[in-house]
Protein chains: 2
Amino acid sequence: MAKVDTSLVAHLPLFGGVKPEDLDEILREARSARYPKNSTIFEQGADAQSFFLLLHGHVRAAKTTPTGEQIVVRYVSPGETFGLAMAIGAARYPATAMAVDDSVVLIWPTSAWPRLIERFPALAANTLQTVGTRLQESHTRILEISTQQVEQRVAHALLRLAKQSGKKVDHGIEIDFPISRQDIAQMTGTTLHTVSRILSGWEQQGLVESGRQRIILRDPHRIVVLAERTVDSGPA
Amino acid sequence: MAKVDTSLVAHLPLFGGVKPEDLDEILREARSARYPKNSTIFEQGADAQSFFLLLHGHVRAAKTTPTGEQIVVRYVSPGETFGLAMAIGAARYPATAMAVDDSVVLIWPTSAWPRLIERFPALAANTLQTVGTRLQESHTRILEISTQQVEQRVAHALLRLAKQSGKKVDHGIEIDFPISRQDIAQMTGTTLHTVSRILSGWEQQGLVESGRQRIILRDPHRIVVLAERTVDSGPA
DNA sequence: CCGGTTGTTTGCGATAGCGCAAAACGGGCC
DNA sequence: GGCCCGTTTTGCGCTATCGCAAACAACCGG
(Lines give C-alpha, C1' and ligand atoms only; values in the text may rest on other atoms or scores of the structure.)
Protein backbone atom coordinates (compact mmCIF):
# COMPACT_ATOMS: atom_id res chain seq x y z
CA MET A 1 0.00 0.00 0.00
CA ALA A 2 1.18 3.48 -0.83
CA LYS A 3 2.58 5.16 2.23
CA VAL A 4 1.13 8.59 2.93
CA ASP A 5 3.62 11.24 3.85
CA THR A 6 2.69 12.71 7.20
CA SER A 7 3.97 16.10 6.17
CA LEU A 8 1.22 16.31 3.58
CA VAL A 9 -1.55 16.13 6.09
CA ALA A 10 0.01 17.24 9.37
CA HIS A 11 -1.22 20.80 8.98
CA LEU A 12 -4.88 19.86 8.48
CA PRO A 13 -7.39 20.99 11.10
CA LEU A 14 -8.32 17.39 11.72
CA PHE A 15 -4.86 16.69 13.09
CA GLY A 16 -4.38 19.83 15.12
CA GLY A 17 -2.84 18.99 18.48
CA VAL A 18 -1.78 15.53 17.37
CA LYS A 19 1.88 14.68 17.86
CA PRO A 20 3.80 13.71 14.72
CA GLU A 21 4.49 10.17 15.93
CA ASP A 22 0.81 9.75 16.75
CA LEU A 23 -0.12 11.03 13.35
CA ASP A 24 1.99 8.31 11.88
CA GLU A 25 0.06 5.74 13.83
CA ILE A 26 -3.24 7.20 12.73
CA LEU A 27 -2.24 7.16 9.11
CA ARG A 28 -1.12 3.57 9.32
CA GLU A 29 -4.73 2.60 9.81
CA ALA A 30 -5.78 4.26 6.60
CA ARG A 31 -5.48 3.19 3.04
CA SER A 32 -5.65 5.50 0.10
CA ALA A 33 -7.71 5.17 -3.04
CA ARG A 34 -8.33 6.99 -6.24
CA TYR A 35 -11.82 7.68 -7.58
CA PRO A 36 -12.16 8.71 -11.20
CA LYS A 37 -14.34 11.61 -12.19
CA ASN A 38 -18.05 10.88 -11.84
CA SER A 39 -17.56 7.71 -9.85
CA THR A 40 -19.59 7.08 -6.73
CA ILE A 41 -17.69 6.83 -3.46
CA PHE A 42 -20.61 5.75 -1.35
CA GLU A 43 -24.32 5.81 -1.67
CA GLN A 44 -27.00 7.16 0.60
CA GLY A 45 -28.41 4.39 2.73
CA ALA A 46 -25.40 2.11 2.32
CA ASP A 47 -23.58 0.65 5.29
CA ALA A 48 -21.19 3.24 6.64
CA GLN A 49 -18.09 1.08 6.57
CA SER A 50 -15.55 3.86 6.12
CA PHE A 51 -14.88 7.50 6.61
CA PHE A 52 -12.79 9.63 4.32
CA LEU A 53 -10.29 12.42 4.04
CA LEU A 54 -10.05 14.07 0.66
CA LEU A 55 -6.49 14.62 -0.55
CA HIS A 56 -7.00 15.72 -4.13
CA GLY A 57 -10.00 16.49 -6.28
CA HIS A 58 -13.54 17.45 -5.39
CA VAL A 59 -16.42 15.45 -4.00
CA ARG A 60 -20.07 16.27 -4.10
CA ALA A 61 -22.29 15.13 -1.24
CA ALA A 62 -25.97 14.99 -2.16
CA LYS A 63 -29.11 13.88 -0.40
CA THR A 64 -32.03 12.34 -2.25
CA THR A 65 -35.71 12.25 -1.36
CA PRO A 66 -37.82 9.12 -1.62
CA THR A 67 -39.29 10.68 -4.76
CA GLY A 68 -35.93 11.16 -6.40
CA GLU A 69 -35.28 14.84 -5.96
CA GLN A 70 -31.92 15.83 -4.64
CA ILE A 71 -30.07 18.62 -2.97
CA VAL A 72 -26.35 19.16 -2.87
CA VAL A 73 -25.34 19.05 0.76
CA ARG A 74 -21.88 20.39 0.06
CA TYR A 75 -18.81 20.22 -2.09
CA VAL A 76 -15.84 18.71 -0.31
CA SER A 77 -12.46 20.33 -0.89
CA PRO A 78 -9.04 18.77 -0.37
CA GLY A 79 -8.14 18.52 3.30
CA GLU A 80 -11.71 18.02 4.43
CA THR A 81 -13.28 14.90 5.87
CA PHE A 82 -16.51 13.36 4.67
CA GLY A 83 -18.62 10.30 5.27
CA LEU A 84 -18.45 10.76 9.04
CA ALA A 85 -21.62 8.82 9.67
CA MET A 86 -20.14 7.21 12.75
CA ALA A 87 -19.59 10.59 14.31
CA ILE A 88 -23.32 10.93 14.58
CA GLY A 89 -23.83 7.33 15.52
CA ALA A 90 -25.42 6.45 12.21
CA ALA A 91 -24.95 3.03 10.70
CA ARG A 92 -25.73 4.21 7.19
CA TYR A 93 -24.60 7.12 5.08
CA PRO A 94 -27.15 9.91 5.06
CA ALA A 95 -26.03 11.12 1.64
CA THR A 96 -24.34 10.02 -1.55
CA ALA A 97 -20.75 11.03 -2.29
CA MET A 98 -19.49 11.32 -5.84
CA ALA A 99 -16.16 12.47 -7.22
CA VAL A 100 -16.73 15.42 -9.53
CA ASP A 101 -13.07 15.36 -10.50
CA ASP A 102 -10.49 12.64 -10.37
CA SER A 103 -10.00 12.41 -6.64
CA VAL A 104 -7.70 10.82 -4.11
CA VAL A 105 -8.84 9.99 -0.61
CA LEU A 106 -7.64 8.41 2.57
CA ILE A 107 -9.98 5.78 3.92
CA TRP A 108 -10.35 4.57 7.47
CA PRO A 109 -12.64 1.77 8.50
CA THR A 110 -15.50 3.10 10.60
CA SER A 111 -14.63 0.48 13.18
CA ALA A 112 -11.34 2.23 13.86
CA TRP A 113 -13.01 5.46 14.97
CA PRO A 114 -13.84 4.61 18.60
CA ARG A 115 -10.31 3.45 19.24
CA LEU A 116 -8.80 6.43 17.47
CA ILE A 117 -10.69 9.01 19.48
CA GLU A 118 -9.95 7.18 22.67
CA ARG A 119 -6.25 7.18 21.98
CA PHE A 120 -6.28 10.65 20.42
CA PRO A 121 -8.98 12.77 21.97
CA ALA A 122 -7.86 15.74 19.90
CA LEU A 123 -9.42 13.99 16.92
CA ALA A 124 -12.83 14.13 18.52
CA ALA A 125 -12.39 17.75 19.52
CA ASN A 126 -11.25 18.71 16.04
CA THR A 127 -14.05 16.83 14.40
CA LEU A 128 -16.54 18.43 16.74
CA GLN A 129 -15.25 21.77 15.63
CA THR A 130 -15.66 21.07 11.93
CA VAL A 131 -19.05 19.45 12.35
CA GLY A 132 -20.14 22.40 14.45
CA THR A 133 -19.02 24.80 11.78
CA ARG A 134 -20.92 22.86 9.18
CA LEU A 135 -24.00 22.97 11.35
CA GLN A 136 -23.78 26.70 11.54
CA GLU A 137 -23.33 26.98 7.79
CA SER A 138 -26.29 24.75 7.36
CA HIS A 139 -28.39 27.07 9.49
CA THR A 140 -27.23 30.01 7.45
CA ARG A 141 -28.34 28.19 4.36
CA ILE A 142 -31.77 27.59 5.84
CA LEU A 143 -31.99 31.25 6.68
CA GLU A 144 -31.14 32.17 3.10
CA ILE A 145 -33.53 29.74 1.51
CA SER A 146 -36.26 30.94 3.81
CA THR A 147 -35.81 34.66 3.44
CA GLN A 148 -34.07 35.51 0.19
CA GLN A 149 -35.08 35.46 -3.42
CA VAL A 150 -33.55 33.03 -5.81
CA GLU A 151 -31.21 35.51 -7.41
CA GLN A 152 -29.61 36.44 -4.13
CA ARG A 153 -29.25 32.82 -3.16
CA VAL A 154 -27.50 31.97 -6.39
CA ALA A 155 -25.20 34.94 -5.89
CA HIS A 156 -24.31 33.71 -2.42
CA ALA A 157 -23.75 30.19 -3.67
CA LEU A 158 -21.37 31.31 -6.38
CA LEU A 159 -19.45 33.55 -4.02
CA ARG A 160 -19.04 30.69 -1.61
CA LEU A 161 -17.90 28.34 -4.30
CA ALA A 162 -15.43 30.93 -5.49
CA LYS A 163 -14.08 31.41 -2.01
CA GLN A 164 -13.83 27.72 -1.37
CA SER A 165 -12.57 26.55 -4.73
CA GLY A 166 -11.95 29.60 -6.83
CA LYS A 167 -8.96 29.78 -9.12
CA LYS A 168 -7.72 33.14 -10.31
CA VAL A 169 -7.83 33.45 -14.07
CA ASP A 170 -7.16 36.29 -16.47
CA HIS A 171 -9.97 38.60 -15.50
CA GLY A 172 -11.95 36.90 -12.83
CA ILE A 173 -12.27 33.85 -10.64
CA GLU A 174 -13.10 30.45 -12.02
CA ILE A 175 -14.73 27.66 -10.07
CA ASP A 176 -12.16 24.98 -10.51
CA PHE A 177 -14.32 21.93 -10.85
CA PRO A 178 -17.16 21.01 -13.19
CA ILE A 179 -20.49 22.28 -11.96
CA SER A 180 -23.78 22.38 -13.81
CA ARG A 181 -26.80 24.67 -13.52
CA GLN A 182 -28.58 21.71 -12.06
CA ASP A 183 -25.98 21.47 -9.31
CA ILE A 184 -26.38 25.12 -8.46
CA ALA A 185 -30.12 24.71 -8.44
CA GLN A 186 -29.72 21.90 -5.96
CA MET A 187 -27.57 24.07 -3.75
CA THR A 188 -30.02 26.93 -3.71
CA GLY A 189 -33.38 25.25 -3.67
CA THR A 190 -34.55 26.17 -7.13
CA THR A 191 -34.67 24.69 -10.62
CA LEU A 192 -32.03 24.49 -13.30
CA HIS A 193 -34.24 26.59 -15.56
CA THR A 194 -34.30 29.46 -13.13
CA VAL A 195 -30.55 29.23 -12.56
CA SER A 196 -29.99 29.23 -16.29
CA ARG A 197 -32.10 32.34 -16.74
CA ILE A 198 -30.28 34.12 -13.95
CA LEU A 199 -26.84 33.27 -15.26
CA SER A 200 -27.85 34.29 -18.77
CA GLY A 201 -28.90 37.63 -17.41
CA TRP A 202 -25.69 38.06 -15.49
CA GLU A 203 -23.65 37.09 -18.49
CA GLN A 204 -25.24 39.86 -20.52
CA GLN A 205 -24.30 42.33 -17.81
CA GLY A 206 -20.77 41.03 -17.77
CA LEU A 207 -21.00 39.70 -14.24
CA VAL A 208 -20.06 36.17 -15.17
CA GLU A 209 -18.89 34.13 -18.08
CA SER A 210 -20.04 30.59 -18.21
CA GLY A 211 -20.43 27.53 -20.31
CA ARG A 212 -20.93 23.84 -20.01
CA GLN A 213 -20.25 23.01 -16.36
CA ARG A 214 -17.98 25.99 -16.09
CA ILE A 215 -18.40 29.36 -14.42
CA ILE A 216 -16.11 32.35 -14.18
CA LEU A 217 -16.96 35.29 -11.98
CA ARG A 218 -15.99 38.36 -13.96
CA ASP A 219 -17.16 40.93 -11.48
CA PRO A 220 -17.27 39.47 -7.99
CA HIS A 221 -17.81 42.84 -6.44
CA ARG A 222 -21.08 43.47 -8.21
CA ILE A 223 -22.16 39.94 -7.39
CA VAL A 224 -21.60 40.69 -3.73
CA VAL A 225 -23.86 43.68 -4.14
CA LEU A 226 -26.51 41.46 -5.69
CA ALA A 227 -26.17 38.95 -2.89
CA GLU A 228 -26.80 41.59 -0.27
CA ARG A 229 -29.46 43.51 -2.07
CA THR A 230 -32.72 43.79 -0.17
CA VAL A 231 -35.88 42.68 -1.89
CA ASP A 232 -36.89 46.13 -3.01
CA SER A 233 -36.58 47.20 -6.62
CA GLY A 234 -33.34 47.87 -8.43
CA PRO A 235 -32.60 51.02 -10.39
CA ALA A 236 -35.95 52.62 -11.12
CA MET B 1 -25.92 27.77 45.24
CA ALA B 2 -28.42 25.01 44.83
CA LYS B 3 -26.72 21.68 44.45
CA VAL B 4 -27.79 19.68 41.41
CA ASP B 5 -28.51 16.07 42.06
CA THR B 6 -26.37 13.94 39.80
CA SER B 7 -29.08 11.35 39.54
CA LEU B 8 -31.24 13.85 37.69
CA VAL B 9 -28.82 14.25 34.84
CA ALA B 10 -26.72 11.10 34.89
CA HIS B 11 -28.82 9.40 32.27
CA LEU B 12 -28.51 12.19 29.71
CA PRO B 13 -26.72 11.44 26.45
CA LEU B 14 -24.24 14.20 27.22
CA PHE B 15 -22.94 12.25 30.18
CA GLY B 16 -22.89 8.80 28.63
CA GLY B 17 -19.69 7.00 29.60
CA VAL B 18 -18.91 9.42 32.40
CA LYS B 19 -18.28 7.90 35.80
CA PRO B 20 -20.56 9.09 38.61
CA GLU B 21 -17.74 10.65 40.59
CA ASP B 22 -16.56 12.47 37.48
CA LEU B 23 -20.06 13.68 36.84
CA ASP B 24 -20.03 15.20 40.25
CA GLU B 25 -16.91 17.10 39.40
CA ILE B 26 -18.40 18.30 36.13
CA LEU B 27 -21.52 19.53 37.83
CA ARG B 28 -19.53 21.40 40.42
CA GLU B 29 -18.37 23.73 37.69
CA ALA B 30 -21.90 24.63 36.75
CA ARG B 31 -24.40 26.93 38.30
CA SER B 32 -28.10 26.80 37.74
CA ALA B 33 -30.45 29.58 36.85
CA ARG B 34 -34.09 30.16 36.17
CA TYR B 35 -35.36 32.12 33.19
CA PRO B 36 -38.96 33.26 33.24
CA LYS B 37 -41.17 32.84 30.23
CA ASN B 38 -40.25 35.13 27.35
CA SER B 39 -36.92 36.16 28.81
CA THR B 40 -33.82 36.17 26.66
CA ILE B 41 -31.04 33.81 27.67
CA PHE B 42 -28.46 35.08 25.23
CA GLU B 43 -28.53 37.12 22.12
CA GLN B 44 -27.15 36.46 18.68
CA GLY B 45 -23.79 38.15 18.30
CA ALA B 46 -23.15 38.39 22.03
CA ASP B 47 -19.98 37.09 23.60
CA ALA B 48 -20.33 33.36 24.12
CA GLN B 49 -19.49 33.30 27.79
CA SER B 50 -21.47 30.24 28.73
CA PHE B 51 -22.99 27.07 27.48
CA PHE B 52 -26.18 25.56 28.76
CA LEU B 53 -28.05 22.42 29.63
CA LEU B 54 -31.80 22.74 29.83
CA LEU B 55 -33.36 21.07 32.86
CA HIS B 56 -36.95 22.28 32.73
CA GLY B 57 -38.98 24.30 30.30
CA HIS B 58 -38.50 25.04 26.64
CA VAL B 59 -36.10 27.29 24.82
CA ARG B 60 -36.37 28.66 21.34
CA ALA B 61 -33.19 29.25 19.34
CA ALA B 62 -33.65 31.69 16.48
CA LYS B 63 -31.38 33.27 13.94
CA THR B 64 -31.95 36.76 12.59
CA THR B 65 -30.89 38.32 9.31
CA PRO B 66 -29.37 41.77 9.05
CA THR B 67 -32.74 42.91 7.74
CA GLY B 68 -34.60 41.59 10.75
CA GLU B 69 -36.19 38.44 9.44
CA GLN B 70 -35.78 35.37 11.54
CA ILE B 71 -35.98 31.63 11.47
CA VAL B 72 -36.41 29.27 14.36
CA VAL B 73 -33.34 27.09 14.45
CA ARG B 74 -34.86 24.68 16.93
CA TYR B 75 -36.79 24.24 20.11
CA VAL B 76 -34.69 22.91 22.93
CA SER B 77 -36.23 20.28 25.17
CA PRO B 78 -35.19 19.36 28.70
CA GLY B 79 -32.01 17.32 28.75
CA GLU B 80 -30.55 19.00 25.68
CA THR B 81 -27.60 21.34 25.51
CA PHE B 82 -27.59 24.69 23.75
CA GLY B 83 -25.36 27.67 23.25
CA LEU B 84 -22.41 25.45 22.34
CA ALA B 85 -20.65 28.18 20.43
CA MET B 86 -17.29 27.09 21.77
CA ALA B 87 -17.74 23.67 20.27
CA ILE B 88 -17.46 25.25 16.86
CA GLY B 89 -14.75 27.61 17.93
CA ALA B 90 -17.00 30.64 17.72
CA ALA B 91 -16.53 33.54 20.08
CA ARG B 92 -20.09 34.76 19.66
CA TYR B 93 -23.48 33.12 19.73
CA PRO B 94 -24.79 32.47 16.24
CA ALA B 95 -28.41 32.67 17.40
CA THR B 96 -30.65 34.07 20.07
CA ALA B 97 -32.05 31.86 22.82
CA MET B 98 -35.27 32.70 24.55
CA ALA B 99 -37.28 30.81 27.16
CA VAL B 100 -40.75 30.12 25.81
CA ASP B 101 -41.78 28.73 29.16
CA ASP B 102 -40.42 29.24 32.63
CA SER B 103 -37.16 27.37 32.31
CA VAL B 104 -34.32 26.10 34.44
CA VAL B 105 -30.84 25.61 33.06
CA LEU B 106 -27.38 24.58 34.12
CA ILE B 107 -24.71 27.03 33.05
CA TRP B 108 -21.03 26.38 32.52
CA PRO B 109 -18.55 29.07 31.66
CA THR B 110 -17.27 28.60 28.12
CA SER B 111 -13.77 28.79 29.50
CA ALA B 112 -14.30 25.52 31.33
CA TRP B 113 -14.94 23.55 28.15
CA PRO B 114 -11.36 22.86 27.02
CA ARG B 115 -10.43 21.56 30.43
CA LEU B 116 -13.59 19.49 30.69
CA ILE B 117 -13.10 17.68 27.43
CA GLU B 118 -9.48 17.08 28.20
CA ARG B 119 -10.32 15.50 31.49
CA PHE B 120 -13.45 13.76 30.20
CA PRO B 121 -13.06 12.92 26.54
CA ALA B 122 -16.44 11.22 26.55
CA LEU B 123 -17.98 14.68 26.73
CA ALA B 124 -16.45 15.60 23.39
CA ALA B 125 -17.51 12.34 21.84
CA ASN B 126 -21.06 12.70 23.14
CA THR B 127 -21.31 16.29 22.02
CA LEU B 128 -19.97 15.34 18.62
CA GLN B 129 -22.75 12.82 18.39
CA THR B 130 -25.50 15.29 19.19
CA VAL B 131 -24.08 18.00 16.98
CA GLY B 132 -23.76 15.49 14.19
CA THR B 133 -27.34 14.46 14.62
CA ARG B 134 -28.44 18.07 14.50
CA LEU B 135 -26.44 18.56 11.34
CA GLN B 136 -28.24 15.72 9.71
CA GLU B 137 -31.61 17.05 10.81
CA SER B 138 -30.63 20.39 9.44
CA HIS B 139 -29.89 18.82 6.07
CA THR B 140 -33.22 17.11 6.13
CA ARG B 141 -34.84 20.44 6.76
CA ILE B 142 -33.06 21.96 3.78
CA LEU B 143 -34.23 19.07 1.68
CA GLU B 144 -37.79 19.66 2.77
CA ILE B 145 -37.75 23.40 2.24
CA SER B 146 -36.25 22.85 -1.18
CA THR B 147 -38.52 20.15 -2.46
CA GLN B 148 -41.83 20.21 -0.64
CA GLN B 149 -44.81 22.48 -0.66
CA VAL B 150 -45.66 24.56 2.34
CA GLU B 151 -48.48 22.35 3.52
CA GLN B 152 -46.27 19.30 3.71
CA ARG B 153 -43.58 21.21 5.50
CA VAL B 154 -46.01 22.45 8.11
CA ALA B 155 -47.27 18.92 8.56
CA HIS B 156 -43.74 17.68 9.13
CA ALA B 157 -43.00 20.48 11.54
CA LEU B 158 -46.06 19.74 13.66
CA LEU B 159 -45.34 16.05 13.71
CA ARG B 160 -41.82 16.72 14.87
CA LEU B 161 -42.98 19.08 17.57
CA ALA B 162 -45.51 16.51 18.70
CA LYS B 163 -42.87 13.82 18.85
CA GLN B 164 -40.42 16.01 20.68
CA SER B 165 -42.75 17.79 23.04
CA GLY B 166 -46.17 16.31 22.61
CA LYS B 167 -48.41 15.74 25.58
CA LYS B 168 -51.24 13.28 25.32
CA VAL B 169 -54.61 14.90 25.92
CA ASP B 170 -58.16 13.72 25.71
CA HIS B 171 -58.37 13.04 22.01
CA GLY B 172 -55.07 13.96 20.51
CA ILE B 173 -51.61 15.29 21.18
CA GLU B 174 -50.94 18.78 22.38
CA ILE B 175 -47.72 20.69 21.83
CA ASP B 176 -46.88 21.44 25.40
CA PHE B 177 -45.43 24.91 25.09
CA PRO B 178 -46.77 28.15 23.63
CA ILE B 179 -46.16 28.37 19.91
CA SER B 180 -47.59 30.88 17.48
CA ARG B 181 -48.34 30.68 13.75
CA GLN B 182 -45.42 33.01 13.31
CA ASP B 183 -43.13 30.51 15.02
CA ILE B 184 -44.28 27.72 12.78
CA ALA B 185 -43.80 29.94 9.77
CA GLN B 186 -40.25 30.56 10.88
CA MET B 187 -39.65 26.85 11.20
CA THR B 188 -40.93 26.05 7.75
CA GLY B 189 -39.80 28.98 5.66
CA THR B 190 -43.16 30.58 5.02
CA THR B 191 -45.35 33.36 6.39
CA LEU B 192 -47.70 33.42 9.34
CA HIS B 193 -50.56 34.12 6.95
CA THR B 194 -49.99 30.96 5.03
CA VAL B 195 -49.64 28.93 8.21
CA SER B 196 -52.86 30.40 9.52
CA ARG B 197 -54.71 29.51 6.34
CA ILE B 198 -53.38 25.97 6.44
CA LEU B 199 -54.29 25.43 10.07
CA SER B 200 -57.73 26.89 9.50
CA GLY B 201 -58.24 24.41 6.72
CA TRP B 202 -57.04 21.54 8.84
CA GLU B 203 -59.22 22.59 11.70
CA GLN B 204 -62.29 22.41 9.48
CA GLN B 205 -61.32 18.89 8.51
CA GLY B 206 -60.86 17.95 12.13
CA LEU B 207 -57.13 17.33 11.78
CA VAL B 208 -56.16 19.80 14.46
CA GLU B 209 -57.64 22.03 17.05
CA SER B 210 -55.84 25.21 17.78
CA GLY B 211 -56.01 28.58 19.37
CA ARG B 212 -53.82 31.29 20.65
CA GLN B 213 -50.30 29.82 20.77
CA ARG B 214 -51.78 26.40 21.23
CA ILE B 215 -52.08 23.43 18.91
CA ILE B 216 -53.57 20.02 19.40
CA LEU B 217 -53.19 17.30 16.80
CA ARG B 218 -56.52 15.57 16.62
CA ASP B 219 -55.67 13.17 13.84
CA PRO B 220 -51.93 12.58 13.66
CA HIS B 221 -52.35 9.74 11.25
CA ARG B 222 -53.97 11.85 8.57
CA ILE B 223 -51.35 14.52 9.14
CA VAL B 224 -48.68 11.95 8.45
CA VAL B 225 -50.42 11.19 5.20
CA LEU B 226 -50.42 14.87 4.33
CA ALA B 227 -46.74 15.15 5.16
CA GLU B 228 -45.86 12.36 2.80
CA ARG B 229 -48.22 13.26 0.04
CA THR B 230 -46.50 13.83 -3.32
CA VAL B 231 -47.17 17.09 -5.10
CA ASP B 232 -49.82 15.67 -7.40
CA SER B 233 -53.47 16.42 -6.85
CA GLY B 234 -55.56 15.06 -4.04
CA PRO B 235 -58.78 13.08 -4.50
CA ALA B 236 -59.90 13.77 -8.07
C1' DC C 1 -15.56 13.94 -38.87
C1' DC C 2 -20.13 12.42 -37.51
C1' DG C 3 -23.92 10.89 -34.36
C1' DG C 4 -25.35 10.59 -29.88
C1' DT C 5 -25.65 12.16 -25.38
C1' DT C 6 -25.67 15.47 -21.94
C1' DG C 7 -26.01 20.08 -20.61
C1' DT C 8 -28.01 24.80 -21.68
C1' DT C 9 -31.19 28.32 -23.29
C1' DT C 10 -35.67 30.28 -23.83
C1' DG C 11 -40.70 30.92 -24.61
C1' DC C 12 -45.02 30.62 -22.53
C1' DG C 13 -48.59 29.69 -19.52
C1' DA C 14 -49.99 28.28 -14.76
C1' DT C 15 -50.00 28.91 -9.75
C1' DA C 16 -48.55 28.58 -5.07
C1' DG C 17 -47.71 31.53 -1.92
C1' DC C 18 -46.71 36.33 -0.68
C1' DG C 19 -47.95 40.93 0.93
C1' DC C 20 -51.01 44.27 2.35
C1' DA C 21 -54.92 45.59 4.90
C1' DA C 22 -58.51 45.19 7.95
C1' DA C 23 -61.38 42.94 10.91
C1' DA C 24 -62.27 39.62 14.54
C1' DC C 25 -60.69 37.40 18.55
C1' DG C 26 -59.02 36.30 23.12
C1' DG C 27 -56.83 37.11 27.51
C1' DG C 28 -54.74 39.48 30.89
C1' DC C 29 -54.52 43.63 33.61
C1' DC C 30 -56.31 47.43 36.09
C1' DG D 1 -66.20 44.41 34.05
C1' DG D 2 -64.10 46.83 30.51
C1' DC D 3 -59.96 48.10 27.93
C1' DC D 4 -55.76 47.23 25.52
C1' DC D 5 -52.58 44.53 23.11
C1' DG D 6 -50.79 40.63 20.78
C1' DT D 7 -52.57 36.93 17.88
C1' DT D 8 -55.27 35.04 14.43
C1' DT D 9 -58.25 35.06 10.45
C1' DT D 10 -59.46 36.17 5.89
C1' DG D 11 -60.10 38.73 1.37
C1' DC D 12 -57.79 40.01 -2.73
C1' DG D 13 -54.51 41.16 -6.18
C1' DC D 14 -49.79 40.30 -7.60
C1' DT D 15 -45.61 38.17 -9.07
C1' DA D 16 -41.60 35.39 -8.60
C1' DT D 17 -40.86 31.15 -9.82
C1' DC D 18 -42.07 26.81 -11.53
C1' DG D 19 -43.07 23.29 -15.19
C1' DC D 20 -43.31 21.81 -19.58
C1' DA D 21 -41.63 21.67 -24.18
C1' DA D 22 -38.64 22.43 -27.73
C1' DA D 23 -34.64 24.14 -29.86
C1' DC D 24 -29.68 24.56 -29.29
C1' DA D 25 -24.88 23.81 -28.28
C1' DA D 26 -20.88 21.45 -26.66
C1' DC D 27 -18.27 17.53 -25.80
C1' DC D 28 -17.22 12.30 -26.42
C1' DG D 29 -16.47 8.17 -28.62
C1' DG D 30 -15.80 5.80 -32.55
Side-chain angles (χ1 to χ4, degrees), chain A residues 36-38 60 67-72 98 100-101 144-155 175 177-205 208-216 226 229-234, chain B residues 36-38 60 67-69 71 98 100 144-155 157 175 177-205 208-216 226 229-234:
Chain A
K37 181 172 171 172
N38 291 328
R60 190 184 75 147
T67 61
E69 285 164 294
Q70 346 184 280
I71 58 156
V72 171
M98 167 171 287
V100 295
D101 256 352
E144 286 180 5
I145 298 185
S146 300
T147 65
Q148 302 182 335
Q149 325 229 155
V150 174
E151 189 173 31
Q152 298 169 64
R153 306 205 301 261
V154 173
I175 302 192
F177 56 83
I179 184 166
S180 71
R181 316 286 141 131
Q182 177 76 275
D183 292 322
I184 294 172
Q186 289 172 348
M187 298 178 70
T188 52
T190 180
T191 63
L192 89 160
H193 306 277
T194 299
V195 172
S196 180
R197 283 181 244 267
I198 287 171
L199 290 186
S200 293
W202 289 357
E203 187 135 19
Q204 300 212 336
Q205 300 169 54
V208 302
E209 187 185 324
S210 72
R212 196 191 177 76
Q213 306 204 99
R214 190 179 54 82
I215 300 177
I216 302 172
L226 269 188
R229 178 111 85 268
T230 313
V231 196
D232 64 39
S233 62
Chain B
K37 180 171 171 172
N38 292 329
R60 189 184 76 147
T67 61
E69 284 163 297
I71 59 157
M98 168 172 287
V100 295
E144 286 180 5
I145 297 186
S146 300
T147 65
Q148 301 182 336
Q149 324 233 145
V150 173
E151 189 174 33
Q152 297 170 63
R153 307 206 299 262
V154 172
I175 314 272
F177 56 83
I179 184 167
S180 71
R181 317 286 141 130
Q182 177 75 280
D183 293 322
I184 294 172
Q186 290 173 350
M187 297 178 71
T188 52
T190 181
T191 63
L192 90 159
H193 306 278
T194 299
V195 171
S196 179
R197 281 180 245 268
I198 287 172
L199 289 187
S200 292
W202 288 357
E203 187 134 19
Q204 300 214 335
Q205 299 170 55
V208 302
E209 186 184 325
S210 71
R212 197 191 177 73
Q213 307 207 91
R214 189 179 54 83
I215 300 178
I216 301 171
L226 268 188
R229 171 100 104 269
T230 312
V231 195
D232 63 40
S233 63

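Values in this document were obtained by computation on a predicted structure and should not be read as measured data. Just so it is clear: chains get the letters A, B, ... in the order the sequence lines come, proteins before strands, and each one is counted from 1.
Judged purely by atom type and a 3.5 angstrom limit, A:E151 has no side-chain atom pairing as donor or acceptor with the backbone of A:L226. With hydrogens and angles ignored, the 3.5 Å screen pairs a side-chain donor or acceptor of B:R153 with a backbone N or O of B:Q148. Listed for the A:S196 side chain is no donor-acceptor partner under 3.5 Å among the backbone atoms of A:L192.
Annotation: side chain of A:I184 is in contact with side chain of A:V154 (closest heavy-atom distance under 4.5 Å). Two residues are said to be in side-chain contact when any heavy atoms from C-beta on lie closer than 4.5 Å; A:T190 and A:V195 meet this criterion.
Contacts of A:S146 classified as side chain to side chain contact (heavy atoms under 4.5 Å, CB included), with partners at least two apart in sequence or in another chain: A:I142, B:I71, B:I145.
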Per-nucleotide protein contact along nucleotides 5-11 of chain C, 5' to 3', at a 4.0 Å heavy-atom cut-off (B base, S sugar-phosphate only, - neither), is -BSBBBB
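For the pair B:N38 CG and C:dG27 C1', the interatomic distance rounds to 14 Å; values are reported in whole Å. In this structure, B:I184 atom CD1 and D:dT7 atom P are separated by 13 Å, rounded to whole Å. Rounded to whole Å, atom C1' of C:dA16 lies 10 Å from atom CD1 of B:I198. For the pair A:I215 CD1 and D:dA26 P, the interatomic distance rounds to 16 Å; values are reported in whole Å. Residue A:Q149 contributes atom CD, which lies 16 Å from atom P of C:dG17 at whole-angstrom precision.
Between B:T191 and C:dC18, a side-chain N or O to OP1/OP2 separation shorter than 4.0 Å is present.
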